[in-house]
Amino acid sequence: MLDSTSLFVAALAGQALAAPRTLNWKRQSSQQPLLTDINVISQYWGQISPYHDNAEAYFGVNDVGLPSGCQIEQVHSLQRHAQRFPTGYFDDGLNDENFAAKVYNFTSANPHASFTGPLAFLNTYKYQMGEGFLTGVGAATEFQSGVAFWNRYGRTLYNATVGQVQYNASYQNGTTRPKPVLRTTGQSRIEDSQISWALGFFGPSFYETPQPSLSSFGNGSLFNVVIIPEGGTENNTLASYDSCFEDNLQGGDLGDLDLLDQYVPLYIGAATARMNANAPAGFKFNNNDTYAMQSICAYENGYIGMSDFCNLFTEQEWQGFEQTLDIEYYYDYSFGNPTGRSQGVGYQQELLARLTNQYITSSNSSVNTSLTNNAADFPLGQPFYADFSHDDIIVSVLTSMSIDYFREHPNLQQYPPDPNRHFVLSNMTPFGARLITEVIGCAAPNPTAVHSHRTQYYPTQYGYNPANATHKFIRMRLNNGILPLETIRTGECLGRTDGMCALSSFLTSQYEAEKLANYQFACFANYTITAPTNGNDYDGTVTNTTAGIVVSPGEITAAYFAS
């Protein structure tokens with residue numbers, strides 16, 4: 001197995017530029033002005049960007065209104081956790097911590113040496129972040145997400161009364177509703193995100209009659225929670241890499257290696273030179289230091305809402321930073337990884353089971369059948385489902401579903417990157433991202449598309465009648481943008497301009513797509529990737545005839561993986 005930490009530090013350190021001390025910061029920055037508008041800067045942080053809604057037509061769907069005679073009858077949300085501290089991974093938090101320690105150790109040992117100009121703050125800087133946990137900003141993001149979910153979907157799913165601003169556990173006649181079931185992994189930031197989201201959707205902190213004790217929330221009377229363990233080798237569709245051993249052994253590093261071996265040295269050299277122009281004698285920035293400064297900017301904003309690292313880079317350098325993250329995720333979790341489909345197929349199968357009102361009693365993927373074979377853990381026929389997970393799971397689900405709009409690999413040599421590319425994490429999986437599947441009932445088998453958005457103030461506003469809405473459709477949104485289901489590879493969802501696909505056609509397309517994962521081989525076969533940094537597009541899967549791998553006898557077992 002690769003020693004990833006050593007590889008990252010060695011590779012980027014080896015690419016560090018010997019910057020001339022005579023470089024003038026202002027002269028350099030005047031050629032490409034430093035970007036100081038945080039609202040623009042924060043759009044280039046990939047999967048660590050703050051949440052923003054995409055425009056409904058962002059992914060190319062032309063008609064975004066809901067047709068007359070139609071209404072959303074059921075909603076499935078795959079919800080990412082929100083702002084967290086950096087992880088301990090070698091090109092994320094570990095690199096940030098190493099840089100911060102390098103600065104602190106130097107300033108402590110050399111109290112009379114000074115960073116100058118825009119780097120003067122480093123003379124007294126101390127790294128203040130933890131590792132991996134949800135931040136207060138993140139909790140606020142999830143709370144807002146829960147409120148937004150009620151406003152967009154809860155009101156019409158539950159036929160809200162006038163002025164109703166949150167879920168009501170009782171029907172209008174006073175009888176008790178069946179409790180919604182929320183699912184989360186056992187990881188702290190995921191579970192805390194679920195709690196914060198639920199506070200927004202169920203609303204016990206803004207009841208008309210205040211409940212300072214939040215008693216209706218704290219005792220679990222409003223909803224039930226299924227917590228799926230994460231961190232071992234158990235099946236968990238919301239953390240599917242745990243049970244896909246080949247991803248953990250070698251596949252999970254492909255994008256990170258592309259990031260550091262190819263793209264970081266391509267774009268960051270001029271910034272490293274600027275940093276060195278303001279460094280004291282005896283201290284030298286290398287490329288992984290400069291990369292860490294961009295990363296710390298994003299994370300400190302997600303923690304305390306500000307950072308002195310953010311005004312040090314040009315817009316193109318921020319674009320380059322985002323491209324590194326797009327590269328990482330495409331080749332770790334999407335079409336560029338042999339296990340990309342396998343990591344998403346489990347949730348895909350659960351979605352199909354819910355859409356067809358079936359339990360899952362046997363598994364050929366990351367589905368944990370002890371949690372999908374019963375009504376308590378996997379209820380059928382709920383008005384909505386909310387599952388709390390990770391950014392990479394959303395990416396892998398889009399891959400497993402064969403939504404080929406996203407099969408456009410990031411260019412490993414192009415800088416600045418193409419602004420019109422399709423695989424852009426800041427629009428796909430920012431903090432608090434949500435992949436929404438809407439089940440829509442219509443009176444007509446081919447309802448007329450509506451070009452512009454129109455707010456649904458109440459369920460029957462545009463002619464919807466549940467008694468005759470016998471034609472069912474699927475529409476999907478990613479952070480509000482309607483997904484182009486017509487790009488699903490097998491073509492069943494062609495023919496409409498509004499992103500809607502007949503339920504029967506959607507199911508057919510997905511039963512075909514899930515076969516492509518080749519889960520057993522991709523996750524457990526004993527194969528080696530011969531050229532991990534060549535930017536190969538595996539279509540998210542692998543077989544024993546795939547070019548660029550060497551297959552050896554035997555399988556990777558849990559015992560072998562643990563050893």
Side-chain angles (χ1 to χ4, degrees), residues 2 4 7-17 32 43-49 89-92 95 247 250-272 286-288 290-292 294-295 298 313-341 343 391-392 395-396 398-399 404-429 528-542 546-549:
L2 293 171
S4 300
L7 180 58
F8 178 66
V9 173
L12 283 186
Q15 298 286 350
L17 298 181
Q32 289 183 12
Q43 295 176 18
Y44 296 123
W45 293 342
Q47 83 283 1
I48 53 179
S49 298
Y89 209 58
F90 68 92
D91 53 355
D92 189 50
N95 189 51
D247 171 65
Q250 60 173 340
D253 282 347
L254 296 187
D256 306 85
L257 300 179
D258 287 328
L259 174 163
L260 65 94
D261 282 350
Q262 299 193 54
Y263 208 80
V264 168
L266 178 66
Y267 87 91
I268 212 168
T272 301
N286 57 42
N287 284 344
N288 51 324
T290 315
Y291 187 73
Q294 291 187 292
S295 174
F313 301 93
T314 69
E315 184 164 17
Q316 285 189 355
E317 288 162 354
W318 281 119
Q319 291 167 350
F321 177 75
E322 177 169 60
Q323 179 80 333
T324 68
L325 302 174
D326 296 345
I327 289 168
E328 178 186 16
Y329 273 62
Y330 189 88
Y331 291 104
D332 279 357
Y333 309 113
S334 189
F335 294 105
N337 192 283
T339 67
R341 290 178 180 273
Q343 294 181 66
D391 48 2
D392 47 295
V395 169
S396 292
L398 295 170
T399 304
D404 278 353
Y405 177 91
F406 297 106
R407 195 184 177 185
E408 183 185 89
H409 65 81
N411 191 310
L412 299 180
Q413 287 82 39
Q414 184 182 29
Y415 173 68
D418 179 4
N420 297 314
R421 66 196 187 277
H422 286 177
F423 194 93
V424 181
L425 284 179
S426 58
N427 294 309
M428 295 172 66
T429 56
T528 302
I529 299 170
T530 57
T533 60
N534 67 354
N536 188 39
D537 183 341
Y538 293 93
D539 193 24
T541 190
V542 65
T546 297
I549 69 167

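Residue numbers start at 1 and run along the sequence shown.
- If you take OG1 on Thr429 and CD1 on Ile48, they are separated by 10.5 Å, rounding to the nearest 0.5 Å.
- A donor-acceptor distance shorter than 3.5 angstrom exists from the side chain of Glu408 to the backbone of His422, with no hydrogens or angles considered.
- One distance of note links CE of Met428 with CG of Leu325; it measures 12.5 Å at 0.5 Å rounding.
- You'll find the side chain of Ile529 reaches within 4.5 Å of the side chain of Pro338, heavy atoms only.
- A donor-acceptor contact closer than 3.5 angstrom is absent between the side chains of Gln32 and Glu315.
- Tyr415 and Tyr267 have tilted rings, their planes meeting at an angle from 30° to 60° on a 0 to 90° scale.
- Taking each heavy atom of Ala271 and Thr290 in turn, the nearest pair found is CB-CG2, 3.8 Å.
- What you find for Gln319 and Pro416 is that their closest heavy atoms are OE1-CB, 3.6 Å.
- Looking at Gln343 and Asp247, their side chains do bring a donor and an acceptor atom within 3.5 Å of each other.
- Rounded to the nearest 0.5 Å, atoms CZ (Arg341) and CZ (Phe335) are 5.5 Å apart.
- Remark: Glu322 engages Arg421 in a salt bridge (charged side-chain N to carboxylate O under 4.0 Å, His left out) (not counting sequence neighbours).
- The CG atom of Leu425 sits 10.0 Å away from the CD atom of Gln323 when rounded to the nearest 0.5 Å.
- A side-chain donor from one of Tyr329 and Asp391 sits under 3.5 Å from a side-chain acceptor of the other.
- Among residues two or more places apart in sequence or in another chain, the ring pair (Phe, Tyr, Trp, His ring centres under 6.0 Å) test is passed with His409 by none.
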Quiz item: Could you walk me through whether Asp91 and Glu328 pass the side-chain contact (heavy atoms from CB on, under 4.5 Å) check?
Solution: CA-CA 10 Å; Asp91 53 355; Glu328 178 186 16; 4.0 Å; yes
Practice problem: Take Val542 and Ile549, measure what side-chain contact (heavy atoms from CB on, under 4.5 Å) needs, and give me the verdict at the end. | Solution: CA-CA 9 Å; Val542 65; Ile549 69 167; 3.4 Å; yes
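- Residues Pro265 and Asn287 come closest through the heavy atom pair CA-ND2, 4.2 Å.
- Shortest non-hydrogen contact noted between Ser49 and Ser426 is OG-CB, 3.5 Å.
- Atom CG of Asn534 is separated from atom CG of Leu412 by 9.0 Å, given to the nearest 0.5 angstrom.
- Looking at every heavy atom in both residues, Asp258 comes nearest to Gly535 through OD1-N, 4.0 Å.
- Nearest heavy-atom pair, Leu257 versus Pro532, reported as atom, atom and distance to 0.1 Å: CD1-CB, 4.1 Å.
- Of the inter-residue distances, the one linking Ser334 atom OG with Ile327 atom CD1 reads 13.0 Å to the nearest 0.5 angstrom.
- In this structure a side-chain-to-backbone donor-acceptor pair under 3.5 Å is present from Asp332 to Gly255.
- Among Trp45, Tyr44, Tyr291, the one residue that satisfies the ring-ring contact (aromatic ring centres under 6.0 Å, His included) test with Phe321 is Tyr291.
- Tyr538 contributes no side-chain N or O that, together with a main-chain N or O of Tyr331, makes up a donor-acceptor pair within less than 3.5 Å.
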Quiz prompt | From CA spacing to verdict: side-chain contact (heavy atoms from CB on, under 4.5 Å), Val395, Phe423 | solution = CA-CA 10 Å; Val395 169; Phe423 194 93; 4.0 Å; yes
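- Side chain to side chain, Thr339 and Asn337 meet the donor-acceptor criterion of an N or O pair below 3.5 Å.
- Evaluation of the side chain to side chain donor-acceptor pair (under 3.5 Å) rule for Asp537 yields Tyr330, Arg407 as partners, not counting sequence neighbours.
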